[in-house]
There are 2 protein chains.
Amino acid sequence: MKKSLTIHDIAKMAEVSSATVSRVLSNSSYPVSPELRSKILRIAKEANYVPNMLGKQLKTKTSMTIGVIIPTITNTFYSSVILGVEEIARKNNYQVLLCNSFQDPVLEDKYIQAMFEKQVRGLVISSISSDKKQLKHFIDMGLNVVALDQKVEMEEVCQVDFDYRKGGVMATRHLISKGHKKIAYVTAPLDRPSRVSIYDGYASAMKEAGLEPVVVEAGNETYSGTYEFENGKALTRKLLAGGERPSAVFACNDMTAFGVVNELNGQGFKVPDDVSVMGFDGIDFGQMITPPLSTVLQPTYEMGRLACNMLLDMLIDGKKPDIGIMLQPKLLERESVADLRG
Amino acid sequence: MKKSLTIHDIAKMAEVSSATVSRVLSNSSYPVSPELRSKILRIAKEANYVPNMLGKQLKTKTSMTIGVIIPTITNTFYSSVILGVEEIARKNNYQVLLCNSFQDPVLEDKYIQAMFEKQVRGLVISSISSDKKQLKHFIDMGLNVVALDQKVEMEEVCQVDFDYRKGGVMATRHLISKGHKKIAYVTAPLDRPSRVSIYDGYASAMKEAGLEPVVVEAGNETYSGTYEFENGKALTRKLLAGGERPSAVFACNDMTAFGVVNELNGQGFKVPDDVSVMGFDGIDFGQMITPPLSTVLQPTYEMGRLACNMLLDMLIDGKKPDIGIMLQPKLLERESVADLRG
DNA sequence: CTGTTAGCGCGTTCAG
DNA sequence: CTGAACGCGCTAACAG
């Protein structure tokens, strides 16, 4: 490993002071004569000089890196969000430190600490920790954070929200508008605000139509990549075993809906002829199955972009968020819902 | 923003020197009396002291962060790899800096440079750059790198390989063993080593059985999330329009296979009754469609783990890779391939 | 316009 | 066992 050059080495070679080298190499607005400037540039180039950001960052107290903490990147929802975050970060010369919390509050706190220690300028987080003490603590110490997906009830954190409740309402009303009356809702454990909101939307839309809600909720949650799919299957079995067959099933997310469709097919029911299925998320894969899944679109990529932009704004102005963003759901009508009114 | 404390502040509070504080707070093996140690620990805790890694890293010349560069995280293949990398990194107290190159060589080089400047200890990369000058350059300067997925022909870089060719052979032989004779291969552009290898495997297995290869290759490549799916559909249309219908279609990856299945269904052909379909990758979605997709499994998560472990080994010993790893494909026989021998 | 100097926060000699 | 002093690579303040 060759010892790497510093500005002092370059300074010596160019027979100038290291300050001058620093000024030209870091594009300072400080005036330097054109001759020296080009000479230094040339020498630095020839010598393959590479700046050490650690030194620079230590001095300037600004690291040009932001942190992202999400449950797991293998969930397409989050990988899409991250892509959006990274795009904006890149355009502003920031880099992103990625952490998967696996919904483990302990791990989440550990990561927050580690990132703070590494002087990240800010954090984009989908927090799972119920006790946000750690986060709060670092915010007090100056950490900028914007929350995504999972609500963080704090004055100081910016929020990129999605109207889950409205999404739940829209999906349910859509089903109702197609003539469905017996509509079941199958869901992963209602232990997260977002899930509760979708459920609320479903319940209120049902009530408003004078219909009886039928809910099947999963028990324990695991982190296998196919958990939600298996969950959809299991919940459907439970649902089907439980008496009168619903004409439509609304699932808390697309992956679960795939499980519902799969189990339905397995038991000899056609979708949407025998039973209609509605998802939630709008992941690409929904259009690849047969029939294409009707669902509610969450603009994940856009959420990532917005979150990152908000964060950068906070960093630049040092201003607290004046306003939160609430992204709106959009109905994606495809072919998994039958029209019963015919 | 509260000004954060340094070891000097703690030193003052504890009425000791900053050296002593450093020694206890960084778990140095240097002897410090138990009384002082506990006193310092207590005070640091009470004062909510958080170390600044920049200072530490600048001094010790070791950053505890590694970089990962992959084409795009929204590809489930790569997100799974990253999860593996991150798991191992976490267990060794490293963090990962993530970069999506979007298969853009210019962007890739820019990222490599940025990471080197940030003093990452090493890099896990799926490189797309045909001209690896930049990478080579930094390796010469001491950067440790392990290549993944895409072969990097350099003595100094460790490689976690997957036997794509054998996978291609296995899939093709499987089809042949089920009595298929007219087997088409549909593929994204053959401009990457991995893709060429799968094709080679297919071609050689066909030849060995005295069968005629039928290949449909896509033209330009885009980066929409559904590119491969659409590609599978388009290639299938082309294939079907081109004369005699094959009894089996082998696709270069699972997503493409989904497109194949979808288009086949759309044109009224049943899978596997009319046409059999074989994928490549083994992504979770494969088991969620009807019929579940027969495919070749790539151990992505394991690839990530192995790559990271190799990298950490290189960092610890500073030793060059003595040996590369070649992961083996595994046939995942599900229900999208018909047995024609009955 | 250029150079000298003094830290940023930390770990590490080297004396005591 | 403890502390004073130096320097990692860089920028910013102040002189010249």
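Just so it is clear, the values below take in all heavy atoms, side chains as well, and ignore hydrogens, waters and symmetry mates. A, B, ... follow the sequence lines: proteins, then strands. Residue 1 opens every chain.
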J.: Tell me what Ser28(A) touches on the nucleic acid: a base, only sugar-phosphate, or nothing, going by heavy atoms under 4.0 Å.
T.: nothing

J.: Does the distance from a Lys or Arg side-chain N to an Asp or Glu carboxylate O, for Lys39(B) and Glu35(B), drop under 4.0 Å?
T.: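 Looking at Lys39(B) and Glu35(B), the cut-off is not met.
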
J.: On the nucleotide dG9(D), are OP1 or OP2 found under 4.0 Å from the side-chain N or O atoms that Thr6(A) carries?
T.: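 Checking dG9(D) against Thr6(A), no side-chain N or O comes under 4.0 Å of OP1 or OP2.
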
J.: Roughly, in whole Å, what's the span from CG in Asn52(A) to P in dC8(C)?
T.: 18 Å

J.: Can you figure out which of dT2(C), dT11(D), dG3(C) approaches the side chain of Leu36(A) most closely?
T.: dT2(C)

J.: Report the residue from Ile69(B), Val157(B), Val146(B) that forms a side-chain contact (heavy atoms from CB on, under 4.5 Å) with Ile125(B).
T.: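 Only one of Ile69(B), Val157(B), Val146(B) forms a side-chain contact (heavy atoms from CB on, under 4.5 Å) with Ile125(B), namely Ile69(B).
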
J.: Ignoring backbone atoms, test whether Lys56(A) places a side-chain nitrogen or oxygen under 4.0 Å from the OP1 or OP2 oxygen of dT11(D).
T.: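 Lys56(A) to dT11(D) OP1/OP2: side-chain N or O found under 4.0 Å.
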
J.: Atom CE of Met53(A) to atom P of dC10(D): distance rounded to whole Å?
T.: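 About 9 Å, once rounded to whole Å.
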
J.: Using a cut-off of strictly less than 4.0 Å, decide whether Tyr49(A) has a side-chain nitrogen or oxygen near OP1 or OP2 of dC10(D).
T.: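 Yes.
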
J.: In whole angstrom, what separates Gln119(B)'s CD from dC8(D)'s P?
T.: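 Rounded to the whole Å, the gap is 14 Å.
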
J.: Please pick, from dA4(D), dT11(D), dC1(C), the nucleotide with the shortest atom-to-atom distance to any side-chain atom of Pro31(A).
T.: dC1(C)

J.: Rounded off to whole Å, could you give me the NZ-to-C1' distance for the Lys59(A) and dT11(D) pair?
T.: 5 Å

J.: When you compare the side chains of Thr72(B) and Thr74(B), does any donor N or O come within less than 3.5 Å of an acceptor on the partner?
T.: yes

J.: Rounding to an integer number of Å, can you tell me how far Leu25(B) CG sits from dC10(C) P?
T.: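 Rounded to the whole Å, the gap is 9 Å.
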
J.: Would you tell me if any nitrogen or oxygen in the side chain of Lys61(A) comes within less than 4.0 Å of OP1 or OP2 on dG9(C)?
T.: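 Looking at the OP1 and OP2 atoms of dG9(C), one of them is under 4.0 Å from a side-chain N or O of Lys61(A).
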
J.: Between dT11(D), dA4(D), dG9(C), spot the one nearest the side chain of Ser17(B), thanks.
T.: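 Nearest to the side-chain atoms of Ser17(B), counting from C-beta on, is dA4(D).
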
J.: Under 4.0 Å between a side-chain N or O of Tyr30(B) and OP1 or OP2 of dC14(C)?
T.: no

J.: To the nearest Å, how far apart are Arg23(A) CZ and dC1(C) P?
T.: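 Going from CZ in Arg23(A) over to P in dC1(C) covers 12 Å.
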
J.: Would you mind reading off the distance between Gln57(A) atom CD and dT11(D) atom C1', rounded to a whole angstrom?
T.: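 In whole Å, dT11(D) C1' lies 13 Å from Gln57(A) CD.
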
J.: Quick one: which of Asp109(B), Leu123(B), Leu143(B) gives a side-chain contact (heavy atoms from CB on, under 4.5 Å) with Phe138(B)?
T.: Leu143(B)

J.: Name the nucleic acid region contacted by Thr60(B), choosing base, sugar-phosphate or nothing; use a 4.0 angstrom heavy-atom cut-off, strictly under.
T.: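 Thr60(B): backbone/sugar contact only, no base atoms under 4.0 Å.
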
J.: Pairing donors with acceptors under 3.5 angstrom, does anything connect the side chains of Asp9(B) and Tyr49(B)?
T.: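 Not at all, the side chains of Asp9(B) and Tyr49(B) share no donor-acceptor pair under 3.5 Å.
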
J.: Under 6.0 Å from the CD atom of Glu15(A), do we count more than 12 heavy atoms belonging to anything else shown?
T.: no

J.: Quick check on DNA chain D: between Gly55(B) and Thr20(B), whose nearest nucleotide comes earlier from the 5' end?
T.: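 Looking at the nearest nucleotide for each, Thr20(B) comes out on the 5' side.
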
J.: As a test of reading the structure: which of dC1(C), dC10(C), dC8(C) is closest to the side chain of Leu58(A), going by heavy atoms?
T.: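 So the side chain of Leu58(A) is nearest to dC8(C).
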
J.: Can you tell me the distance, in whole Å, between the CD1 atom of Ile10(A) and the C1' atom of dT2(C)?
T.: 18 Å

J.: May I ask you to evaluate whether Ser18(A) reaches the phosphate of dT11(D), defined as a side-chain N or O under 4.0 Å from OP1 or OP2?
T.: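 No, because none of the side-chain N or O atoms of Ser18(A) sits under 4.0 Å from OP1 or OP2 of dT11(D).
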
